[in-house]
Amino acid sequence: MAASSTPPQIPMSKLSPAASPSRPSTAGSVPLSQTSSTVASTDDREPAAPRDDNSAISEYEREAYGPQLGEKGWDEFEVRFAPGDPEDPHNWSRSRRWYITLFSGMLVLNATFASSAPSGIVPQMMEQFGFGREVATLTIALFVAGYCVGPLIWGPLSEQYGRKLPSLVAFVVYTCFQVGCALSPNTGAILTFRFISGTFAAAPLVISGAVISDLWDANTRGKALGFFTLAPFAGPSLGPTVSGFMAVAGVSWRWVYWVLTFFAGACTLLIIFTMPETFTPILLVERAKKMRKETGDDRWWAPFERNEISFKKRVENIVARPFKIFFREPMLIAITFYMSFIYGCIYLLFEAYPIVFTQGHNFNAGISGLTFLPIFIGACLGVASYLVWWNPKYERLAREFAPLPVPPEYRLEQAMYAAPIFALSFFWFGWTSYPSVSFWAPMMAGGPLGFSIVWIFLALFNYIIDAYLFVAASALASSTVIRSLFGAGFPLFATQMFESLNPRWASTLLGCIALAMAPIPFILRKYGPVMRRKSKYAPTKSPVATTPKKDLEE
């Protein structure tokens, strides 16, 4: 921009209060910053309506996007994106946004693949280090336990310093510790390196979801999340297959970690050279710096530059914010515990499948790893059916509700169908797990299991992002921490449970628990609007129609 250029001026009358400059609309269907502008004041504007200081907007929106027109602290030199601005991530080309989306999913795939990869080389590590089965289980459990620590750092950091820098730092360190795993001389080293690796690998689990929120409006976000949601289940499903066949081929167990090192290193290079910053407040800071340099006028500013907070407050934002949100939000608590149980069951299967297929059907490590593929195939079918059926349905709802947002509760319908399927899959797996029954029967139970998991996670991921738009990264961070506790804990008792109860009754117990939790999406669908109106952190809590506009007109 030339030094003599004048910022575009947009009458405030043309912008709705919910879509005021430089901040996301509270409507879930309006993209972040898409209605913002780089604005100087004009006489024909009216001040924005007073803001409810008890809402999420009061603290978190003000922190990220600054004061609204007419509020204390607003002035004409606040830097904002104009509608259609090519630097706004929502206006980047679709090919660029889809590349970033798919790459973000690959980062998640990298992390989750690494979590389960050692399962195929457990016997070799036991022989090398002389530890028992319980300690061998820790090579998976401690990596997933790192997911409990990492999101406390990476989610809020992404809201303070943007998406790219935390991702890059995390993957550089993660790659280094993969080398450490490959060169581990003893039990203590391998377990320590696995835990630290998991802590840094957790970054994309929370940041990637926020990146998708940065790039897409709610109508398109469902498609993007469809691919993103597949990654957390594709990785754990493919890990045992790859490492199992490496073990059968006689390759040293260390080469599994070298493969993970090369994978992580390649992703690190791609982050450096191909992943741009997508977080609007950080991009506005860069624009403000550019404006000051090009115009020589130091009055240009971005809200994040004036976000001067003490070290204590910064630590609180980074560490405490996710749990402050979590413990005050019954919706988030219910969703998190349901997702956590499902996530724990996924990692529990890494101990249950060897009992059923390796011991019961005498499969070797390579063939036993293949038994996880139906879960992956079912997950792929779940994503495909979502893109073919659920996302177009949501787009129709967006047109019917326009100009109002689609209430987040409409995201839950697919979870209402999938919840019973998830529970029934465990009954199917358990009661066909006899050695006398063909291995195809319990193995095929993984298909509906993966299918239902993807539907449930897609619904609940979208619900969290729609309901907690301004603090979605922190909400996802707290959810990921709790979920990872389950993922780390379930494998520790899985072997004992399946050996003591036998696979039939152990699976029945899990199926019954799943049935008991299945009503959660039904309850949220009915009472979610009331809970959001009482929420301090849900910007979509303002009263909106819960029936499409065409129905209201009738």
Side-chain angles (χ1 to χ4, degrees), residues 1-2 5 7-8 10 15 19 21-25 27-38 65 79-109 158 162-168 171 204 207-231 266-291 294 302 383-384 386-388 391-392 394-395 398-399 402 458 461-462 465-466 469 472-473:
M1 186 177 294
S5 62
I10 301 176
L15 295 174
S22 85
R23 55 183 41 79
S25 165
S29 59
V30 179
L32 196 67
S33 307
Q34 189 160 332
T35 54
S36 55
S37 60
T38 307
Y65 297 96
V79 175
R80 312 175 184 196
F81 283 136
D85 194 312
E87 293 185 18
D88 183 345
H90 283 94
N91 297 324
W92 293 349
S93 69
R94 291 185 67 86
S95 59
R96 187 185 188 193
R97 285 182 287 158
W98 272 115
Y99 168 77
I100 297 169
T101 299
L102 295 176
F103 177 59
S104 297
M106 187 173 70
L107 295 180
V108 177
L109 176 68
S158 74
R163 316 304 190 195
K164 180 170 182 173
L165 181 60
S167 297
L168 178 58
F171 258 77
I207 295 178
S208 293
V211 167
I212 290 172
S213 181
D214 293 339
L215 296 173
W216 303 100
D217 60 35
N219 300 339
T220 314
R221 190 191 311 135
K223 295 179 183 177
L225 277 177
F227 293 101
F228 169 76
T229 307
L230 182 61
C267 287
T268 302
L269 292 175
L270 289 173
I271 291 173
I272 295 172
F273 294 110
T274 70
M275 184 177 179
E277 180 56 64
T278 62
F279 191 40
T280 294
I282 297 297
L283 294 175
L284 292 176
V285 169
E286 294 302 315
R287 171 166 283 194
K289 292 178 181 177
K290 182 180 178 181
M291 294 286 290
E294 293 183 349
V383 171
Y386 174 84
L387 296 176
V388 170
N391 198 71
Y394 186 86
E395 291 175 347
R399 292 191 295 269
L458 271 171
F461 268 135
N462 273 306
I465 293 174
D466 283 0
L469 182 63

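Along the sequence shown, residues are numbered consecutively beginning with 1.
- Contact record, N391 with L387: CB-O, 4.3 Å, taken as the closest heavy-atom pair.
- Side-chain contact between I271 and L107: present, with at least one pair of heavy atoms (C-beta onward) separated by less than 4.5 Å.
- Under the side chain to side chain contact (heavy atoms under 4.5 Å, CB included) criterion, L102 pairs with F227, not counting sequence neighbours.
- The side-chain hydrogen bond (donor to acceptor under 3.5 Å, both in side chains) test applied to T101 returns W216, not counting sequence neighbours.
- Taking each heavy atom of R287 and D85 in turn, the nearest pair found is NH1-OD2, 2.7 Å.
- Looking at every heavy atom in both residues, A231 comes nearest to G105 through CB-O, 3.3 Å.
- When the ring pair (Phe, Tyr, Trp, His ring centres under 6.0 Å) test is applied to Y386, no partner is found at least two apart in sequence or on another chain.
- Pairing each heavy atom of F171 with each of C267, the nearest pair is CE2-CB, 3.8 Å.
- Nearest heavy-atom pair across I100 and P276 is CD1-CG, 3.5 Å.
- Looking at residues two or more places apart in sequence or on another chain, you find no side-chain hydrogen bond (donor to acceptor under 3.5 Å, both in side chains) involving E286.
- Distance alone, capped at 3.5 Å, places no donor-acceptor pair between the R163 side chain and the I207 backbone.
- Atoms CG and CZ, on D214 and R97 in that order, are 12.0 Å from each other to the nearest 0.5 Å.
- No donor-acceptor pair closer than 3.5 Å links the side chain of S104 to the backbone N or O of S208.
- Between the CZ atom in F279 and the CG atom in L284 there is a gap of 10.0 Å [rounded to 0.5 Å].
- For S93, the side chain to side chain contact (heavy atoms under 4.5 Å, CB included) partners at least two apart in sequence or on another chain are S95, R96.
- Contacts of A288 classified as side chain to side chain contact (heavy atoms under 4.5 Å, CB included), with partners at least two apart in sequence or in another chain: V79, R292, A302, E305.
- When all heavy atoms are compared, the tightest approach of P86 to N91 is CA-CB, 4.4 Å.
- Rounding to the nearest 0.5 Å gives a distance of 10.0 Å between CG of L215 and CH2 of W98.
- One distance of note links CG of L270 with OG of S167; it measures 12.5 Å at 0.5 Å rounding.
- Of the possible polar contacts, one joining the K164 side chain to the I272 backbone as a donor-acceptor pair under 3.5 Å is found.
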